[in-house]
Amino acid sequence: MTDSEREDELLRLNRTLAEIHKQLTAASGKCTEAQVELQNNLTDYWQSYGGNLWDEAQMIEAVERQRSITAVIHQGQVQLKQALSSPYFGRFDFIEETSQETRPEPIYVGLLTLTDRKTGEILVYDWRAPVSGMFYDFERGAACYQAPMGKVNGIITLKRQYKIIQGQMKYMFDSDLKIDDDILQEILSKSVDAKMHTIVTSIQREQNQVIRNDENQLLLVQGPAGSGKTSIALHRIAYLLYRDRKTINAQNILIFSPNHIFSDYISNVLPEMGEENVRQTTFQDYIASFKDLLPIEIESRAAQLEYVLTGRSGKEFAARLVAIHYKTSPEFAGIIDQYLSYYENQLVLDYPDITFGSRMIFSKAEWLDYYLTHFSFLPPLRRLTKIRELIHLRIRPLTHELRRQKEAEIVAAGEEINEQTIKALARVAARQELGGLISQIDKLTQLQPLTLYRRLFTHSTLFKRLSAGTSVPPEWPAICRQTRAWLNQGKMPYEDSPAFLYFQGILAGFPAKNTIKYLVVDEAQDYTVLQYKILGKLFPDCSWTILGDPAQLVHPYIQGIKFEQLSQLAAFANPRMITLSRSYRSTQEIQAFCNALLPAATPVAYLNRRGPLPQVVKFDRLDPAKVLEALQSMQAAGCRSIAVICKTIRQASALHQTLPSHRSISLIVDEDAEFKRGIVIIPAFLAKGLEFDGVLVYNANSDNYCHEQERKLLYTVCTRALHRLMICWNGRPSPFIEVMKKSLYQTN
Ligand SMILES: Nc1ncnc2c1ncn2[C@@H]1O[C@H](COP(=O)(O)OP(=O)(O)OP(=O)(O)O)[C@@H](O)[C@H]1O
């Protein structure tokens, strides 16, 4: 880059900053006006409130309108202030193939579009604008983008990147490569603070195709640990909010995250991009929403995992593991579907005529007609309720008739003369006579989902019929016994909850959320077939982005869904799977170590960012002093965020107690906790999705990580480390480490 080019760039920066200042001044005037207007509206509201509901409704509407105008202006101000610090991060010069112009147009790319209000010239393009996509997708040479009017071809003649901090140009350089690996290395070599950050300046081409995908209603993104799945999901949300800004807002997007610690951890990314945070929820939240509705207490996911990971022994434990595996399987989902289809299609087939004396009230044929045709758009339980209401309507004239008949009988008997008493006695007599009929109708039109679900474990012939032709584990009788024992105590094992809630939803109806237009499911490998079926019912009218990594299944015994199966679960228009190939999080040494933990998998490609070899260290006892020493050495090496990852909640809590300085070290064992800075002790299942400068994997002994099913758990915890990884053990190390090449780590 020549000196005069440098000077031009600095002039351009000053011009851009001057425009932002101008717009900020104008916006602050507008904001004050809007605030005054809002204040006036509120004062009017309180002064004029006179009990007239119509006036009040109008006033509330005016206040709400003013409030949202104020919020929009305020949001604009926040974005301008962000832009004042760093208005853009990239530039490319583009000349359209069909253009008469001979000079390429410089396109500056930043977090928001900025137009010179006087000349109308676009000074900066939002990174999400169609034209900006070329910054991520192309190097110098032929390039194209999809404009609203169609495809535009052309040539990129220059690519430049900038680092502008607090309005000061720190550096700029021309980049031949798309987004230089050097830039990535610089970004990734830093230590991380508490929360995740935007990657907008260095999005990679393979990531960009996910972020800007416009065609597929179901987008499945599979990528190794650290390949940016979560980051991409959030950038995709920002993109959708920009692209569809006239039709959707943050309320129309929902993220399913693994837990609330993770939700908190990613909560800064969208605001950093100038967008409002979207709602996040977890499957556990969905279960919790039934807390007061169900006559049963559902075991928590954490309690189930803790039980499973404590590695007990014995027949009961073994049967529970098989139960978890089987109840989360596609086969079991099929059995539930069959059972439900019985209620859907056959329940009323042999229902009797409802008669009273010689009168036909509701015929066999009507049961079929109403249940299978008229009300077939409703879930079975609601159909039955409707039919009950209908029958009751038909009985009403009969009741009146019967009462009159009874009154006449009482009068004829001459025992009562008081009219009131005659009526009361007639009512009672009529009710008694109709009692049998009413209870017959009630019986026929009631379904108790829990009672029906329970039958799977009590009626062996029913289960045999439903499971015919599928492979049922030999432990099924023990599984039935265990499940019955839970249910008898008013409790339900966590592994039954998706099956039961699906069952309940199909019978009684799902609380469908039609306002959600985009659903994002992160850590998708941890969901089972039935959980996806539930999501499909809850969000019937939306596009899905599903991101996950089958190698990071933290629950050793569940059958997570295979990505290929997902697109078959619902009739998605045009499903597509994109596989990411490269990982960005860890140093080359840590990544190589992690790759070796999964020998069967395709090795993950990684950046050439170097660091020390992971340490596999023998602690004579699991001595707290040694743990502190290890933590101090990581801190001395510049790690700001450090996690000691234990296998279970119990191990994490016990370790926390033994550390003399445990007050300055946070213990996270609750799924609803906030993400903490500094040093944390955390169980493996809560660490997923998070990352830390340094990770100490505690107690990686042969008795802790030994079963094949626990391999992925160990892989997941090791891949949380960016710069330093230490694994400590005593007794004997995990066999997964023992068989590894010694050159992949150092020892003490
Ligand atoms: N293009 C990029 N530029 C800079 N940093 C990136 C890029 N892509 C990913 N990263 C960084 O890599 C790290 C891992 O990203 P992220 O957590 O989104 O990956 P992931 O695939 O969801 O990981 P995991 O499956 O292990 O939870 C983060 O620090 C993220 O900021």
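Both ligands and their constituent atoms are indexed starting at 1 by order of listing. Position 1 is the first residue of the sequence, and the numbers go up from there. All of these numbers come straight from a predicted model, not from anything done at the bench.
- Heavy atoms of R720 found under 4.0 angstrom from ligand 1 belong exclusively to the side chain.
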Criterion ring-ring contact (aromatic ring centres under 6.0 Å, His included) on Y162 and Y88, from CA distance to verdict: CA-CA 7 Å; Y162 310 88; Y88 47 85; 5.2 Å; yes
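- Residue A233 places every heavy atom at 4.0 Å or more from ligand 1.
- For the pair F262 and L686, the minimum side-chain heavy-atom distance is 4.5 Å or more.
- Using a 30° and 60° split on the angle between ring planes, F539 and F256 fall in the perpendicular class, above 60°.
- For ligand 1, one of its N or O atoms has an N or O atom of E691 under 3.5 Å away.
- Ligand 1 has no N or O atom lying under 3.5 Å from any N or O atom of T719, backbone or side chain.
- Neither the backbone nor the side chain of D549 comes within 4.0 Å of ligand 1, counting heavy atoms alone.
- Under 4.0 Å from ligand 1, not a single heavy atom of S583 appears.
- Aromatic ring centres of F283 and Y286 lie closer together than 6.0 Å.
- Around CD of E708, the count of heavy atoms belonging to other residues, nucleotides or ligands within 6.0 Å exceeds 12.
- Nearest approach of F138 to K159, heavy atoms of both residues: O-NZ, 3.0 Å.
- Across the listed options E206, Q525, K229, K229 owns the non-hydrogen atom lying nearest to atom 20 (P) of ligand 1.
- By the 3.5 Å distance cut-off applied to N or O atoms, I199 is not counted among the residues near ligand 1.
- Below 3.5 Å of separation, one finds an N or O of S202 facing an N or O of ligand 1.
- Not a single N or O atom of A225, backbone or side chain, sits closer than 3.5 Å to an N or O atom of ligand 1.
- Looking at K195, its side chain never comes within 3.5 Å of a backbone N or O of S267 through a donor-acceptor pair.
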